[in-house]
Amino acid sequence: MKRFFQPVNNDKSFKKPNVSSSSPEEPSVNNENGGEKIEKNKKDPLKFLTWNANSFLLRVKNNWPEFTKFLEKLDPDVIAIQEVRMPAAGSKGSPKNPGELKDDTSSSREEKQTLMRAISSPPLQNYHVWWSLSDSKYAGTALFVKKCIQPKKVSFSLDGKVASKHEPDGRVILAEFESFRLLNTYAPNNGWKEEENSFPRRRKWDKRILEFVAQSTDKPLIWCGDLNVSHQEIDVSHPDFFSSAKVNNYIPPNKEDCGQPGFTLNERKRFSTILSEGKLVDAYRFLHKEKDIEHGFSWSGNPVGKYRGKRMRIDYFIVSEKLKDKIVSCEMHGQGIELEGFYGSDHCPVSLELSSVDSSES
């Protein structure tokens, strides 16, 4: 079953788009090789925002006025969301369509309508949206791109040979623009143990990311999202705490797998390899060399309990070396142990701004 789809038009009708239709306002869509080819390319985006929303629906219900006010002020061209946590379309027992929101039950219809009303109003009404969703309320990603900026192609897998395929749990959206590719990912958490959905799953993910960046050298890359790794000690508030963290006194057989998921030595080593082999630069650390205990982290532990005040930088903009001199700014928009600027999530938004990108440099 093919899983490509047309970008959702953020209006209040909730009508399914007609693939064959086009108009002066909306670009025509060409499905080639199962992918989504979009005509009428205009200009490339220069301002980006990434945010792990920790349930997009909950943010809409509980934090929407504050977040949309922030969006209006920042005015990003592209918004990458992780942990959408909305299930893919498809009834129980039938194949799912991870590019569409579930609406076959009364509760799922109500949730979809709540979400669609929010993104059909300012400021998100000015964006096209693409979804890549899990079968349940787990993981999932979304990509919002201003309607005046059209990607050449959007796909949902690290495997470029199968453009229509979605990654399990909706962890990838890849948009190609004239001058670069934009990769939005929600990396799986490393977990605490040597078991199927823990260490091995993350090793496989990192291996596939390494293969992807090594093979995607024909055009510069902007890679963003919740990458679930803190690269260096400067990227966590309490290195000793995170290095010695454990659950139920379990100690992994390999000492390099010990510690807080996202801060184990093995994860950090693999991330270093990905950056070096892919000729990639951490945009935030490129500009901010020193540790910033107040503004330098994107994830914060629960304000109540042993994780109070314990923070990590696990949300990133990673760019090709070719783009590093075009980085104007890269900022964390949350601060403090009370999660100011997190808008209800345990992650704060992170932004990137570039100066103009010349397609001849790709």
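Given the structure is predicted, the values throughout are model-derived calculations rather than measurements. Residue numbers start at 1 and run along the sequence shown. Computed from heavy atoms alone, side chains included, the values below leave out hydrogens, waters and symmetry copies.
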Report summary line: SG of C224 to CG of L49, rounded to nearest 0.5 Å, is 9.0 Å

Query raised in the report: Is there side-chain contact between F144 and P123, with at least one heavy-atom pair below 4.5 Å?
Result: no

Query raised in the report: Short question: side chain of S345, backbone of H347 - any donor-acceptor pair under 3.5 Å?
Result: yes

Report summary line: Looking only at heavy atoms, the pair that brings D169 and S134 closest together is OD1-OG, 3.6 Å

**Report entry** Test item: W130 and V145 side chains (from C-beta on) under 4.5 Å apart, heavy atoms
**Finding:** yes

Requested in this report: Assess whether atom CD of E194 is packed by more than 12 heavy atoms of other residues, nucleotides or ligands within 6.0 Å.
Outcome: yes

Report summary line: Minimal heavy-atom distance between K61 and T114, with the atoms involved, is CG-CG2, 4.4 Å

Requested in this report: Applying salt bridge (charged side-chain N to carboxylate O under 4.0 Å, His left out), run through E83 and R171 and close with a yes or a no.
Outcome: CA-CA 9 Å; E83 281 205 88; R171 293 186 180 273; over 6 Å; no

Report task. Please lay out, stage by stage, how Q260 and M312 fare under the test side chain to side chain contact (heavy atoms under 4.5 Å, CB included). Result -> CA-CA 10 Å; Q260 178 75 27; M312 308 174 75; 4.1 Å; yes

Query - Side-chain (R59) to main-chain (N62) donor-acceptor, under 3.5 angstrom - result: no

Requested in this report: Using the six-membered ring wherever Trp is involved, compare the ring planes of F48 and F317 and label them parallel, tilted or perpendicular (cut-offs 30° and 60°).
Outcome: tilted

Requested in this report: State, yes or no, whether a side-chain contact exists between R268 and E233 at a heavy-atom distance under 4.5 Å.
Outcome: yes

**Report entry** K289 atom NZ: more than 12 heavy-atom contacts under 6.0 Å
**Finding:** yes

Query raised in the report: Got I79 and L124 here, is their nearest side-chain heavy-atom distance under 4.5 Å?
Result: yes

Report task. Given ring-ring contact (aromatic ring centres under 6.0 Å, His included), test W64 with F56 step by step and report yes or no. Result -> CA-CA 10 Å; W64 206 236; F56 200 37; 5.7 Å; yes

Query raised in the report: Can you tell me how far OG of S91 sits from NZ of K102, rounded to the nearest 0.5 angstrom?
Result: 6.5 Å

Query raised in the report: Which atoms form the tightest heavy-atom contact between T273 and S276, and what is the distance?
Result: O-OG, 3.1 Å

**Report entry** N/O donor-acceptor pair under 3.5 Å between T141 side chain and G170 backbone
**Finding:** yes

Report task. Say whether, by atom type as modelled, one donor and one acceptor occur between the side chain of E167 and the main chain of L158 under 3.5 angstrom. Result -> yes

**Report entry** Verdict with supporting geometry, E267 and T264, side chain to side chain donor-acceptor pair (under 3.5 Å)
**Finding:** CA-CA 5 Å; E267 290 174 275; T264 66; 2.7 Å; yes

Query raised in the report: For the side chain of R313 and the backbone of F297, is there at least one donor-acceptor N/O pair under 3.5 Å apart?
Result: no

Requested in this report: Evaluate the side chain to side chain contact (heavy atoms under 4.5 Å, CB included) criterion for residues I173 and F156: first the C-alpha distance (whole Å), next the side-chain angles of each, then the deciding distance (0.1 Å), finally the verdict.
Outcome: CA-CA 5 Å; I173 301 181; F156 310 94; 4.0 Å; yes

Query raised in the report: Got a second to check how far E353's CD is from L74's CG, nearest 0.5 Å?
Result: 8.5 Å

Query raised in the report: When hydrophobic residues are tied together by side-chain contacts of less than 4.5 Å, even through go-betweens, does F67 share a cluster with V84?
Result: yes

Query raised in the report: Under 3.5 Å, is there a donor-acceptor pair between the side chain of R202 and the main chain of P188?
Result: yes

Query raised in the report: Side-chain contact, heavy-atom cut-off 4.5 Å: L227 with F271?
Result: yes

Query raised in the report: K279 side chain to V213 main-chain N or O, any donor-acceptor pair under 3.5 Å?
Result: no

Query - side-chain hydrogen bond (donor to acceptor under 3.5 Å, both in side chains) partner of E211, the single match among K207, Q215, R208 - result: K207

Requested in this report: Evaluate the side chain to side chain contact (heavy atoms under 4.5 Å, CB included) criterion for residues N54 and F342: first the C-alpha distance (whole Å), next the side-chain angles of each, then the deciding distance (0.1 Å), finally the verdict.
Outcome: CA-CA 10 Å; N54 193 16; F342 282 62; over 6 Å; no

Query raised in the report: Is the closest side-chain heavy-atom distance between S230 and F242 below 4.5 Å?
Result: no

Query raised in the report: Do the side chains of V319 and L182 join up, straight or via other hydrophobic residues, at under 4.5 Å, putting them in one cluster?
Result: yes

Query raised in the report: Is there a chain of hydrophobic side chains (I, L, V, M, F, W, Y, each step under 4.5 Å between heavy atoms) that links L57 to L133?
Result: yes

Query - Main-chain N/O of C330 paired with H288 side-chain donor or acceptor, under 3.5 Å - result: yes

Report task. Indicate the atoms forming the closest heavy-atom contact of I318 with D282, along with that distance. Result -> CD1-CA, 3.7 Å

Query raised in the report: Would you say I314 and I81 are hydrophobically clustered, going by side-chain heavy atoms of ILVMFWY under 4.5 Å?
Result: no

Query raised in the report: Shortest non-hydrogen contact from M332 to S298?
Result: SD-CB, 3.7 Å

Query raised in the report: Could you go step by step and tell me if S272 and H231 meet the side chain to side chain contact (heavy atoms under 4.5 Å, CB included) rule?
Result: CA-CA 7 Å; S272 291; H231 188 205; 2.6 Å; yes

Report task. Would you mind telling me which of K269, R203, R270 makes a salt bridge (Lys or Arg N to Asp or Glu O under 4.0 Å) with E256? Result -> K269

Query raised in the report: So, S94 side chain and G90 main chain: donor-acceptor pair closer than 3.5 Å or not?
Result: no

**Report entry** Reported OG1-to-CG distance for the pair T185 and D226, which is rounded to 0.5 angstrom
**Finding:** 8.0 Å

Query raised in the report: Are W299 and V229 connected, step by step, through hydrophobic side chains (Ile, Leu, Val, Met, Phe, Trp, Tyr) whose heavy atoms are closer than 4.5 Å?
Result: no

Query raised in the report: Around E195, counting heavy atoms of other residues, nucleotides and ligands shown, do more than 12 lie under 6.0 Å from its CD?
Result: yes

Report task. Using a 4.5 Å cut-off on heavy atoms from C-beta on, say whether the side chain of D235 contacts that of R285. Result -> yes

**Report entry** Closest non-hydrogen atom pair between R181 and K219, with its separation
**Finding:** NH1-CB, 3.5 Å

Query - Inter-residue atom distance Y284.OH - Y316.OH, 0.5 Å rounding - result: 11.0 Å

Report task. Supply the atom-to-atom distance K137 NZ to R85 CZ, rounded to the nearest 0.5 angstrom. Result -> 10.5 Å

Query raised in the report: Taking D77 for the side chain and K146 for the main chain, is one N or O donor matched with an acceptor at less than 3.5 Å?
Result: no

Requested in this report: Indicate yes or no: at least one non-hydrogen side-chain atom of N228 is less than 4.5 angstrom from one of N190.
Outcome: no

